[in-house]
Asks: 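A single structure is presented below for examination.
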2 protein chains.
Amino acid sequence: MKTVSRVINGEPNVSAATIAKVMAAARTLDYQPDLHAGNLRRADGRTRTLGLLVGSVDNPFAGAVHRAVEDVALQHGVAVFASSLDDDPDREQESVDAFLRRRVDGLILTTVTESQAYLAPELRRGTPVVFVDREPAGITSDAVVSDNADGAALATRHLLEGGHRRLAYLGDRPVIQTARERRRGFLEELGRAGVATRGVPVVDGLHDEESARAATIALFDSPNPPTAIFSAQNLVTIGVIRALRELGRHHDTALVGFDDVPLGDLLDPGVTVVAQDPQGIGRAAAERVFARLDGDHSPPVRTIVPTRLIERGSGEIPPRREG
Amino acid sequence: MKTVSRVINGEPNVSAATIAKVMAAARTLDYQPDLHAGNLRRADGRTRTLGLLVGSVDNPFAGAVHRAVEDVALQHGVAVFASSLDDDPDREQESVDAFLRRRVDGLILTTVTESQAYLAPELRRGTPVVFVDREPAGITSDAVVSDNADGAALATRHLLEGGHRRLAYLGDRPVIQTARERRRGFLEELGRAGVATRGVPVVDGLHDEESARAATIALFDSPNPPTAIFSAQNLVTIGVIRALRELGRHHDTALVGFDDVPLGDLLDPGVTVVAQDPQGIGRAAAERVFARLDGDHSPPVRTIVPTRLIERGSGEIPPRREG
DNA sequence: TTGAAAGCGCTAACAC
DNA sequence: GTGTTAGCGCTTTCAA
């Protein structure tokens, strides 16, 4: 009997006796319905599956985003494919293709390609695409991001208010949209404060602890080293901390990082950061996907998840007085 | 023409002209093959999909495992579903069901159920199941684990060799197999060293930073507090560190943790740990799955990934001399 | 309340 | 080299 389908899906109009028989058989055979086979014919065409692309699944920011997405997805009976981007445009394309070939119902993406126009056909087909962490280019779709320029300005203002005038910027590669925004926020805040930006060290292209560490050491190998550092990324902040310790400068050089650092409150000094809210970002992104799936056809939304300054000590170190 | 299939899959015996025509059409229509539809009929029945269940995707240990699994899977063109267990047996069952309904080719599981016998039918069906971090119960299958008892003994021996005799154990809930193993390793090592275990504080059931912090504070609210602590889990270690600082005891109480702690080398004192190798565990587990899929039908293998002691300071603090 | 027939998008097997 | 036919496990539609 093909009434089996009715029983499995809990549809009405089946006699109790039939239900019992089918259930018994299912148990004996360890039957598990094949979701994908059903989806092939099902009216809504949903695979109850979602694709998530993050920086790397082993990075704490991404982990928090992932977890929040999973929690929302779980409530909808949706499973999530997770992949790591590694800031590699080819990997982005391959991951997205892999998701699409598996007919995910929605996409939550951190991207590194110059343009995501390649997603236009999929968007037209009705697949919800939500960008997280970084905003899309060459295409318009929902996005959930931190206000990077604003957060960077907040960090910078904090240092300026502490009396610093010799600041330095250390950040990630400018191909990354958030890196550009954070640098912009830093420079604009200096401008607003009337601090001349020429002569301010702006070191780009740092991607891991080691390059940040080396750059910091180089920075201090100059006649007039900065009294305060704004490090615009996670790993960069850690590299800076290592360097300052090596130089014995961690108690006389102020540091504010963008994005929180694990155990940042237990270090000495505590690490002052502009923290993002990765959980909030993940949740908002997943909710956006499900709203779209539920028929929300309003224009694309840009959701900004606030950042906040957490003072822990390193950002409150006053400028050195020099003779 | 249904020769399309041949072109898409790069099969031989198609003329160049036909290939070109098909490719052009595919491009125009933004065609993406439906992997699942194909799988329905394909001989090998592979979905090129894998299910991974970890403690929580936002925990650093799990993140590293996940990343390693992803890297191996990627080489095989396999996408991975990741879910969080939260040490909840119901969640385990639901996640596994969700994976099975999606016909994953293999399963990599951290479990918390008392018995995983419920997987027997799936195993008989030929789906490779590899247990990670914790060993299976009620069923036999491949497993990739750290040697928990051995690692705990290593940590304990290190403290004993430092001259400590008043040790304390702080660990996770004993429903968790690794927690039991680590406790066993600790107690057995004390026995081997001829240290009486009665009177040694063994605090179980700690699951997060806060409970570990409270337990540590309680420990010091006694006439003869320990001079050395073995904390048998990640978050427990962090809770202990917080408590020791609050008590001003972090420089006169030795501490060795099981499982590494982020930035453990930057704290003061540096955190001595018995580190696991989550990357190695993830890689080995994924390789096991693919070996099984490639036809390896040898008996189940238990792979032990070594732990290692990393001395950073906290574990080398000598016992207090008391008057 | 139940079942039979068709078809989802693809691949297998076998013609042509 | 290319096309045809059948069928994977399910849901849809419609008839009984």
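Everything quoted here is computed from the prediction, not taken from an experiment. Order of the sequence lines sets the chain letters (A, B, ...), proteins ahead of strands, with each chain counted from 1.
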Asks: Using a cut-off of under 3.5 Å, enumerate the N/O to N/O pairs linking the protein to nucleotides 13-16 of chain D.
Replies:
none

Asks: Under 3.5 Å, is there a donor-acceptor pair between the B:Ser298 and B:Asp296 side chains?
Replies: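 Per modelled atom types, B:Ser298 and B:Asp296 side chains form a pair under 3.5 Å.
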Asks: I'd like to know if the side chain of A:Ser56 pairs up with that of B:Arg67 as donor and acceptor (distance under 3.5 Å, no hydrogens or angles considered).
Replies: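 Side chains of A:Ser56 and B:Arg67: pair found under 3.5 Å.
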Asks: Please round to 10 degrees the angle between the axis of the first five pairs and the axis of the last five pairs in the helix from C:dT1-D:dA16 to C:dC16-D:dG1.
Replies: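 For the helix from C:dT1-D:dA16 to C:dC16-D:dG1, the axes at opposite ends meet at about 40°.
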Asks: Cut-off 3.5 Å, side chains only: do A:Ser84 and A:Asp86 have a donor facing an acceptor?
Replies: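 No, no side-chain donor-acceptor pair sits under 3.5 Å.
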Asks: What residues, two or more places apart in sequence or in another chain, satisfy salt bridge (charged side-chain N to carboxylate O under 4.0 Å, His left out) together with B:Arg124?
Replies: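 Here no residue qualifies.
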Asks: Would you check if there is a donor-acceptor pair between the side chains of B:Thr47 and B:Asp105 at a distance under 3.5 Å?
Replies: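 Yes.
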Asks: Under the rule for side chain to side chain contact (heavy atoms under 4.5 Å, CB included), what residues qualify as partners of B:Ala179, not counting sequence neighbours?
Replies: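 Counting only residues at least two positions away or on another chain, B:Ala179 forms a side chain to side chain contact (heavy atoms under 4.5 Å, CB included) with B:Asp172, B:Ile176.
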Asks: Considering only D:dT12, C:dT1, C:dA12, which nucleotide approaches the side chain of B:Arg42 most closely?
Replies: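 The nucleotide sitting nearest to the side chain is C:dA12.
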Asks: State which residues pass side chain to side chain contact (heavy atoms under 4.5 Å, CB included) with A:Leu85; sequence neighbours excluded, sorted by chain then number.
Replies: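 A:Leu85 satisfies side chain to side chain contact (heavy atoms under 4.5 Å, CB included) with A:Leu53, A:Asp87, A:Glu92, A:Thr110, A:Val112, A:Arg134 once adjacent residues are dropped.
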Asks: Reckon B:Asp34 touches a base, only the sugar-phosphate, or nothing at all at heavy-atom distances under 4.0 Å?
Replies: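 Answer is sugar-phosphate: B:Asp34 comes under 4.0 Å of backbone atoms only.
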Asks: Below 4.0 angstrom from OP1 or OP2 of D:dT11, is there any side-chain N or O of A:Asn9?
Replies: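 It does, given that an N or O in the side chain of A:Asn9 lies less than 4.0 Å from OP1 or OP2 of D:dT11.
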Asks: Is any side-chain N or O of A:Ser5 closer than 4.0 Å to OP1 or OP2 of D:dT12?
Replies: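 False: A:Ser5 side-chain N/O out of range (4.0 Å or more) of D:dT12 OP1/OP2.
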Asks: Who passes side chain to side chain contact (heavy atoms under 4.5 Å, CB included) against B:Asn9, sequence neighbours left out?
Replies: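 B:Asn9: side chain to side chain contact (heavy atoms under 4.5 Å, CB included) contacts with B:Ser5, B:Glu11.
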Asks: Does D:dT2 have OP1 or OP2 under 4.0 Å away from a side-chain N or O of B:Ser15?
Replies: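 The answer is yes; a side-chain N or O of B:Ser15 sits under 4.0 Å from OP1 or OP2.
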Asks: Closest to the A:Pro33 side chain: D:dC10, D:dG1, C:dC10?
Replies: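 Nearest nucleotide to the side chain: D:dC10.
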